[in-house]
Structures are given as structure tokens and as C-alpha cells.
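A short write-up of the structure that comes next.
Below, read A as the first sequence line, B as the second, and so on, with proteins coming before strands; counting in each chain starts at 1. All values derive from a computational prediction rather than experimental measurement.
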Protein chains: 2
Amino acid sequence: MKSKGILSQQLELYFMDNINKAILLELQRNSRLSMRKLAALIHMTAPAVTERVRRLEEQGIITGYTIRIDQQKINPIIEAYVETFMKSSHHQEFLKFVQAQKEIRECHRISGNACYLLKIEVPDQGTLNTFLEALLTYANYRLNIVIASTVKDA
Amino acid sequence: MKSKGILSQQLELYFMDNINKAILLELQRNSRLSMRKLAALIHMTAPAVTERVRRLEEQGIITGYTIRIDQQKINPIIEAYVETFMKSSHHQEFLKFVQAQKEIRECHRISGNACYLLKIEVPDQGTLNTFLEALLTYANYRLNIVIASTVKDA
DNA sequence: GGTGAAAACTAGTCGGC
DNA sequence: GCCGACTAGTTTTCACC
């Protein structure tokens, strides 16, 4: 086994050829594929593809195997994007608030008008109201309720 | 086997007990679990859990098995949320534009100030510029570039 | 919904290219 | 870095309770 210098190790770290791209694409479409079937899809053998998948995991490119769930079928929710304008510069406290509030699904620090863009999900208007009152402690906001969405698959 | 009336069939359609919730949670954490291991985790037997998963798929609650990918490691991108203000009411044409532009990852019709909130991903500033010029045909916009993000797991 | 066994499939390893 | 074959173990899928 050949030893490698630091540089080549780093270059290799995020090396991404067409085969790896194909692997990611197929696993994204169906993560339950066995290594054999995956190998067949990309015209390779199981051991080779297994090793590549192992590396993709090791490098943190594949960060998990999960399912897509139709949340709306389970319990309908109200989605909203909330632009927040910090009242003071207590960002640390605000970020703690973000972590604590389960209604907040995403928090994006953005340039431009607002300080943060929050994506929230609440079961009903009452919960929304409570949440917004809590938010007011930290920031003024502009509420954008989602009426319809199109999300493209990766 | 007891026959069921139309009503009970419909009620059953989205029936979601704690066991099904547990199944979804575990599969969300690891979709490659075998039915056996999944069954062990939720204190059931494999055939029982297999049947439940089959139904969850059939009902469209589980819509796919996929992987989480660290996109930033593969090719760093600029993410932005773009609020758009329609110049005219040609929504149909705009929605065609949304479908056609691969830079647009999500499109949310929202109440409030803007008409739509777009989430876009571009590889560089040049692409961003080209995209925004194309967008200007349909709408005025407010650009919010993402500096940092926290996304919570479902 | 549980059980047990048969049939099918799987990941992992090996020498060789 | 990849292949093909082999093996030991695991998984799914039944019929039946």
C-alpha cells in the first residue's frame, strides 16, 4: 500500500468523479438499494461500489439515510417564512431562542433587509400567535404565510 | 377477516398511531434499517412491521427512501431567498419560468408583502447575476443572500 | 398481530488482474 | 482501483396459530 502525502490526501478528500455522482444520484432516488443492485445500475461490481459508498460516508458527503414523508397527510400545518429585524444585538440569546422553539424549522442568517429568515411550522393559528408574541421579545418581524409551495427534488 | 364499510376505510387511510409514528421516526433516522431491526427497535415482530411500512408507502405517507448529502462539500454554492413582486399578473408565465430555471430550488406562494418567495442556489456570482436579470422580466425582487443556516431535522 | 422455517438475498473477503 | 467467485450470515416471505 502506497503512503500518501498530506496534499494528495486533502485533494482526495472531496474527489468527485462521475461514478460517485451516479452513486449519489441513485441512492438519492432510492437509499434502500443493496450494494449489488446499486452496482448493477452503474455498471460496476458490488465490492467496488461498496468501497466507494463507504468513503462517501467517511468523508461526510453522505450524512444520512432517511425517508421522505408527506407531512401534510399526517397533520396539516401552517407554514410561514418570518423575516426578523433584531431589536438589539443580542444575537446569542436570539439563537438560543431559535434552538428552543420547536416551531422554528430553519433559521437563515441573511444579508439584505432582515437579519434572519425563519421557516416555521405550526399546527394552528393559536400556536402561531403564541409564537409570534414570544418572538417579539427579541425582534420585530414580517410574517409571510405560505399558501402553496413547489419544491424541486435534489 | 371482517369486511369494512366505506367510512371506516377512509378513516383508516391516514390513521396514525404511536407505533406508526415510531416507525416513521426510526426510518427517518436510518432508512436502511432491515425490517427486523426496525421491528426490534419498536418492540414488534418483523412481519407486523413490514405490513405497516407497506401501508405507509401505499398511503403515500412515506414518499421515498433517500440520502442526505452535504452539498457544500461537493460544490460550494451561494444560497439566497428572493422575494418577488410581480410586475403584472401573468402568474402562469412566471410559474413556467420557475419550472424552467434550475437555479430555483423552491417556490413559495406567500401572503404578505411579496408575491412569491424563491429559494435559489447558484454556483457563483455570475450565474446569480444572469438569473436576476432573467427574473426582472417578470418581477421586481428583493435579494437575501444566505450567510449561515441552521436546519433542524424533522 | 405472532411464530418458525424455507428460500432468497446480502455484505464482506479473497486472489488475481 | 476493479473484478469474479465464494462464504457465512441475514433478510424476506410464507403458511399457520
Side-chain angles (χ1 to χ4, degrees), chain A residues 1-69 74, chain B residues 1-5 7-69 73-74:
Chain A
M1 206 172 281
K2 261 201 308 191
S3 74
K4 288 168 189 166
I6 293 281
L7 184 60
S8 70
Q9 279 180 28
Q10 285 181 342
L11 282 176
E12 191 187 42
L13 190 58
Y14 301 138
F15 179 66
M16 195 47 52
D17 62 7
N18 285 332
I19 295 175
N20 278 357
K21 280 182 190 167
I23 289 172
L24 291 178
L25 186 67
E26 293 298 341
L27 283 180
Q28 205 162 41
R29 287 165 55 162
N30 180 10
S31 65
R32 296 208 59 147
L33 283 171
S34 67
M35 292 302 110
R36 279 191 172 189
K37 286 181 184 165
L38 178 58
L41 281 171
I42 60 176
H43 307 296
M44 272 193 142
T45 55
V49 91
T50 304
E51 177 61 13
R52 277 171 177 267
V53 169
R54 197 191 59 72
R55 281 208 191 156
L56 288 169
E57 291 170 357
E58 194 179 69
Q59 293 169 9
I61 291 172
I62 294 177
T63 62
Y65 297 84
T66 186
I67 52 174
R68 275 192 298 267
I69 297 177
I74 299 173
Chain B
M1 205 173 280
K2 259 201 309 189
S3 74
K4 288 169 190 168
L7 183 60
S8 69
Q9 280 179 27
Q10 285 181 341
L11 282 176
E12 191 186 40
L13 188 58
Y14 303 135
F15 178 66
M16 193 52 48
D17 62 8
N18 284 334
I19 295 176
N20 279 355
K21 281 182 189 166
I23 288 173
L24 291 178
L25 187 67
E26 293 299 341
L27 283 179
Q28 206 160 42
R29 286 166 55 162
N30 180 11
S31 65
R32 297 207 61 148
L33 283 171
S34 67
M35 291 302 111
R36 270 195 179 188
K37 286 181 183 162
L38 177 58
L41 282 170
I42 61 176
H43 307 296
M44 271 195 142
T45 55
V49 91
T50 304
E51 177 62 14
R52 278 170 178 266
V53 169
R54 198 192 60 71
R55 281 205 191 158
L56 288 169
E57 292 169 358
E58 194 177 70
Q59 294 168 10
I61 290 173
I62 294 177
T63 63
Y65 296 83
T66 188
I67 52 174
R68 274 192 298 266
I69 297 177
K73 279 200 181 157
I74 300 173

At less than 4.0 Å, is any side-chain N or O atom of B/Arg52 found next to OP1 or OP2 of C/dG1? Yes or no. yes

Straight-line distance of B/Ile42 CD1 to B/Lys21 NZ, nearest 0.5 Å: 14.0 Å

Worked check of side chain to side chain contact (heavy atoms under 4.5 Å, CB included) between B/Arg52 and B/Asp17: CA-CA 11 Å; B/Arg52 278 170 178 266; B/Asp17 62 8; 3.3 Å; yes

Just how far is it from atom CZ of A/Arg54 to atom CE of A/Met35, taken to the nearest 0.5 Å? 12.5 Å

Within this structure, what is the CG-CZ distance for the pair B/Leu27 and A/Arg32, rounded to the nearest 0.5 Å? 6.5 Å

What's the closest nucleotide to the side chain of B/Ala48 if the choices are D/dC3, C/dG1, D/dG1? C/dG1

Taking atom P of D/dT11 as reference, at what distance in whole Å does atom CG of B/Leu38 sit? 12 Å

Relative orientation of the end axes in the helix from C/dG1-D/dC17 to C/dC17-D/dG1, expressed as an angle to the nearest 10° (five pairs per end): 30°

Spacing between A/His43 atom NE2 and D/dG4 atom C1', to the nearest angstrom: 18 Å

Out of curiosity, B/Gln28 CD to A/Thr66 OG1, how far, rounded to the nearest 0.5 Å? 5.0 Å

Derivation and outcome, side chain to side chain contact (heavy atoms under 4.5 Å, CB included), residues A/Met16 and A/Ile61: CA-CA 10 Å; A/Met16 195 47 52; A/Ile61 291 172; 3.5 Å; yes

Once you round to the nearest 0.5 Å, how far does NZ of A/Lys37 lie from CG of A/Asn30? 8.5 Å

What string of B, S and - do you get for nucleotides 11-17 of chain C, 5' to 3', if B is base contact, S is sugar-phosphate-only contact and - is no contact with any protein heavy atom under 4.0 Å? BSB----

To the nearest 0.5 Å, atom CD of A/Glu51 lies from atom OG1 of A/Thr45 at 11.5 Å

